[in-house]
> 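Take this structure, written in structure tokens, and hold onto it; I'll ask about it next.
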Amino acid sequence: MTDYARMYRLGFTPWERYGPAAGAQLRSWLEREGTNRPSSPGRALDVGCGRGQFTPELARHGWEAVGVDLVPAAIEAAREKNSSEVTYVVADATDLESAELGGKFDLFLDVGCFQGLDPAQRAAEGRGVTALAAQGATLLMLAFGPSIYRRMVEGVSQTEVEAGFPEWELVDVEDADTAGLGWPMNRTRPKWYRFRRP
């Protein structure tokens, strides 16, 4: 698992360069979600939000947005740069049930968190998300695929993603834009996944 706390201290955060391309696709997903959802947006949880690069987009689309990350410095930076419309909490993605996040969520966002966990941790994130999910909730995930560069860039297969959320229905899979990703991240075949909780 990547030592994100150390990388933030060193100022080496290459994943943040992916923001513009991933953000554009996220907006498209959220617009589709708004169109397909019979009720107005509810609560949304950004799992592994880092410095809050994508969490405000949830709020802009009408969601009551909460971002969680294990690295206190990242959460503090997110709080400093983002508006009061978003709540940020220091919490472990593999122990979400203990985070006291105030009830169920209708939407979950995971951009690059799940892919950095080992199998046991991925299963733990899946259990936590499932426990906090309202009926009919959606999970949107962006993850790199496995590649020959896996020692440098974490990634997961579709089979591994589905295994993490056995009680969810995989609704859509789409290739992610690689604009802004440098080598070797642009060789990892990233994908967007959309799941629905029955």
Side-chain angles (χ1 to χ4, degrees), residues 15-16 18-70 74-75 77-115 125-143 161-162 164-177 190-198:
W15 58 88
E16 291 183 344
Y18 194 29
Q25 287 192 291
L26 174 59
R27 283 189 290 278
S28 176
W29 282 110
L30 292 176
E31 286 163 9
R32 280 185 268 176
E33 185 65 20
T35 301
N36 296 331
R37 185 167 286 274
S39 59
S40 60
R43 301 184 73 218
L45 182 65
D46 185 358
V47 182
C49 68
R51 294 192 280 204
Q53 189 168 28
F54 303 109
T55 324
E57 195 64 49
L58 299 171
R60 282 192 285 272
H61 281 79
W63 296 90
E64 181 186 334
V66 178
V68 297
D69 200 279
L70 186 60
I75 289 294
R79 288 173 178 158
E80 288 175 3
K81 77 175 184 178
N82 291 309
S83 72
S84 59
E85 296 176 346
V86 178
T87 300
Y88 291 101
V89 178
V90 176
D92 186 343
T94 66
D95 191 19
L96 291 171
E97 293 171 272
S98 299
E100 299 181 0
L101 298 171
K104 301 287 187 177
F105 290 87
D106 305 284
L107 177 69
F108 296 85
L109 176 65
D110 181 318
V111 178
C113 180
F114 184 86
Q115 71 186 26
E125 179 183 332
R127 286 191 301 272
V129 165
T130 301
L132 294 177
Q135 185 175 5
T138 297
L139 165 65
L140 296 175
M141 178 183 293
L142 174 62
V161 172
E162 291 184 83
F165 302 91
E167 297 178 46
W168 294 66
E169 176 190 358
L170 180 61
V171 179
D172 292 303
V173 182
E174 288 185 10
D175 291 336
D177 188 353
K191 293 187 182 299
W192 279 98
Y193 300 90
R194 182 166 71 101
F195 288 85
R196 186 79 71 200
R197 180 78 166 100

> Side chains of V86 and L58, heavy atoms from C-beta outward: is any pair under 4.5 Å?
no

> Can you pull the side-chain hydrogen bond (donor to acceptor under 3.5 Å, both in side chains) pairs that have at least one residue in residues 125-137, sequence neighbours excluded?
T130-W168

> If every non-hydrogen atom of A59 is compared with every non-hydrogen atom of A65, which pair is closest and at what distance?
N-CB, 4.0 Å

> Applying side-chain hydrogen bond (donor to acceptor under 3.5 Å, both in side chains) as the test, list every pair that has at least one member in residues 95-109; sequence neighbours left out.
D95-S98

> Between D46 (side chain) and G67 (backbone), is there a donor-acceptor pair under 3.5 Å?
no

> Quick one: list whatever passes side chain to side chain donor-acceptor pair (under 3.5 Å) with E33, sequence neighbours left out.
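E33 satisfies side chain to side chain donor-acceptor pair (under 3.5 Å) with R37, T138, R196 once adjacent residues are dropped.
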
> Could you go step by step and tell me if L30 and L140 meet the side-chain contact (heavy atoms from CB on, under 4.5 Å) rule?
CA-CA 9 Å; L30 292 176; L140 296 175; 4.1 Å; yes

> Any chance you could measure E169, atom CD, to R194, atom CZ, to the nearest 0.5 Å?
9.5 Å

> For W29, what residues pass the side chain to side chain donor-acceptor pair (under 3.5 Å) criterion, not counting sequence neighbours?
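In terms of side chain to side chain donor-acceptor pair (under 3.5 Å), with neighbours along the sequence ignored, W29 is linked to no residue.
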
> So, for F114 and F108, is the gap between ring centers shorter than 6.0 Å?
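F114 vs F108: aromatic centres not under 6.0 Å.
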
> List the residues meeting salt bridge (Lys or Arg N to Asp or Glu O under 4.0 Å) with E31, not counting sequence neighbours, and say none if there are none.
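None.
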
> How close do V47 and A93 get, counting heavy atoms only, and between which atoms?
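It is CG1-CB, 3.6 Å.
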
> What pair of heavy atoms forms the shortest contact from F54 to G23, and how long is it?
CE2-N, 3.7 Å

> Any heavy-atom pair between the side chains of Y193 and D110 that's under 4.5 Å?
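When only atoms from C-beta onward are counted, Y193 and D110 do not touch, as no gap falls below 4.5 Å.
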
> Give the minimum heavy-atom separation between A44 and W63, together with the two atoms involved.
CB-CB, 3.8 Å

> Taking all non-hydrogen atoms of both residues into account, name the closest pair between D175 and Q25 and its distance.
O-NE2, 3.5 Å

> If every non-hydrogen atom of G103 is compared with every non-hydrogen atom of L132, which pair is closest and at what distance?
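Taking G103 first and L132 second, the nearest heavy atoms are O-CD2, 4.0 Å.
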
> Run I75 and C49 through side-chain contact (heavy atoms from CB on, under 4.5 Å) and show every step you take.
CA-CA 8 Å; I75 289 294; C49 68; 3.7 Å; yes

> Side-chain contact test, heavy atoms from C-beta onward, threshold under 4.5 Å: evaluate it for L26 versus L109 and give yes or no.
yes

> Could you note down all residue pairs passing salt bridge (charged side-chain N to carboxylate O under 4.0 Å, His left out) where residues 53-67 supplies at least one of them, sequence neighbours left out?
R27-E57, R43-E64, E57-R60

> When you look at L170 and F165, which way does the side-chain contact (heavy atoms from CB on, under 4.5 Å) test go after all the steps?
CA-CA 9 Å; L170 180 61; F165 302 91; over 6 Å; no

